[in-house]
Amino acid sequence: MSDQLPYVLVLFYSRTGQTAELASQIGRGVARVTGMEARLRAVPPVSPDTEASLPAVPDSGAPYASKSDLANCAGLAIGSPTRFGNMAAPLKHFLDTTGDLWLSGTLEGKPAGAFTSTGSLHGGQETTLMTMMMPLLHHGMVVCGLPYSEKSLGETDTGGTPYGPTHWAGTGEQQPLSTHEKALCQAFGERLARLALKLAD
Ligand SMILES: Cc1cc2nc3c(=O)[nH]c(=O)nc-3n(C[C@H](O)[C@H](O)[C@H](O)COP(=O)(O)O)c2cc1C
């Protein structure tokens, strides 16, 4: 028997750090729940040179995710910057390597959700989150968002959606996460962690 606590995997790609900020706030929310840990893991960038490979631990930021990080999670949050209204290629590339977990049903019944950061306020947060949910549904995961009982959802004038946490980073100087965006990330992490504990029963 492992003496490790069950964990919510917060799996993300971030090129300029905004999605990484969301990931760390979600991790804080997960850590509010006794008996559940947050495991933050990044995916490496993809290169036109498909032979390129990187060490498992980057110079900065979260370690790169392994397939077993994903297979053994109790819950999952996937994050990506919005790229043309959709998730970025590195995260999609990682997910596209999980056909074996799909065949074995390893992720079935586990709770999961998505988060994103955009340059412009109406630049595709919802489309990105909705399309990120498709692989989760194909894996048989129980998709979770954010309920309006989270006060920040009705009050935010930055990011934060019922489909999952978001950040409006801006197109000039990058805006830091707002108070509402942070609160919604943490609520989302906590919600995933609580669901993971319940669904594991
Ligand atoms: C190729 C490319 C496409 C992008 N597409 C969009 C987009 O469709 N909508 C938007 O609002 N921002 C878009 N952006 C901006 C990023 O989503 C935004 O800068 C994000 O906050 C970066 O997150 P990161 O710091 O985690 O990399 C795009 C950026 C790049 C490089």
Side-chain angles (χ1 to χ4, degrees), residues 8-30 38-50 52-66 69-70 73 76-97 112-136 145-146 152-153 156-189 192:
V8 171
L9 178 65
V10 184
L11 175 71
F12 65 96
Y13 173 67
S14 183
R15 193 165 69 88
T16 54
Q18 302 298 310
T19 311
E21 286 294 321
L22 291 169
S24 101
Q25 293 294 329
I26 290 169
R28 282 195 190 191
V30 171
R39 185 177 293 188
L40 268 67
R41 291 290 182 271
V43 298
V46 287
S47 155
D49 171 7
T50 52
S53 62
L54 290 169
V57 179
D59 289 339
S60 62
Y64 291 133
S66 68
D69 286 326
L70 184 59
C73 73
L76 174 68
I78 55 172
S80 168
T82 288
R83 292 271 168 94
F84 304 118
N86 215 317
M87 81 175 96
L91 183 63
K92 180 69 163 58
H93 179 71
F94 183 86
L95 294 172
D96 284 356
T97 67
F115 58 101
T116 190
S117 174
T118 58
S120 51
L121 184 53
H122 302 290
Q125 295 190 345
E126 281 96 339
T127 56
T128 302
L129 294 180
M130 298 295 281
T131 46
M132 286 171 81
M133 288 173 190
M134 297 312 139
L136 306 178
L146 278 162
S152 289
L153 210 49
T156 180
D157 53 8
T158 53
T161 82
Y163 313 102
T166 60
H167 172 48
W168 172 32
T171 46
E173 198 178 321
Q174 305 274 282
Q175 293 161 182
L177 264 60
S178 70
T179 307
H180 288 313
E181 289 173 342
K182 283 185 190 169
L184 290 167
C185 281
Q186 291 175 19
F188 182 71
L192 267 179

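Ligands are counted one by one from 1 in listed order, and the atoms in each one are counted from 1 as well.
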State which residues pass salt bridge (charged side-chain N to carboxylate O under 4.0 Å, His left out) with Lys182; sequence neighbours excluded, sorted by chain then number. none
Which of these, Val10, Leu184, Leu40, sits in a side-chain contact (heavy atoms from CB on, under 4.5 Å) with Ile26? Val10
Using the side-chain contact (heavy atoms from CB on, under 4.5 Å) rule, take Thr128 and Thr118 through it: C-alpha gap first, then chi angles, then the decisive distance, then the call. CA-CA 10 Å; Thr128 302; Thr118 58; 5.6 Å; no
For Asp59, the side-chain hydrogen bond (donor to acceptor under 3.5 Å, both in side chains) test, sequence neighbours excluded, returns none
Could you give the distance from OG (Ser117) to CD (Gln174), rounded to the nearest 0.5 Å? 7.0 Å
All side-chain hydrogen bond (donor to acceptor under 3.5 Å, both in side chains) counterparts of Ser24, not counting sequence neighbours: none
Hey, which residues fall under 4.0 Å of ligand 1 on heavy atoms? Ser14, Arg15, Thr16, Gly17, Gln18, Thr19, Pro81, Thr82, Arg83, Phe84, Gly85, Ser117, Thr118, Gly119, Ser120, Gly123, Ala169
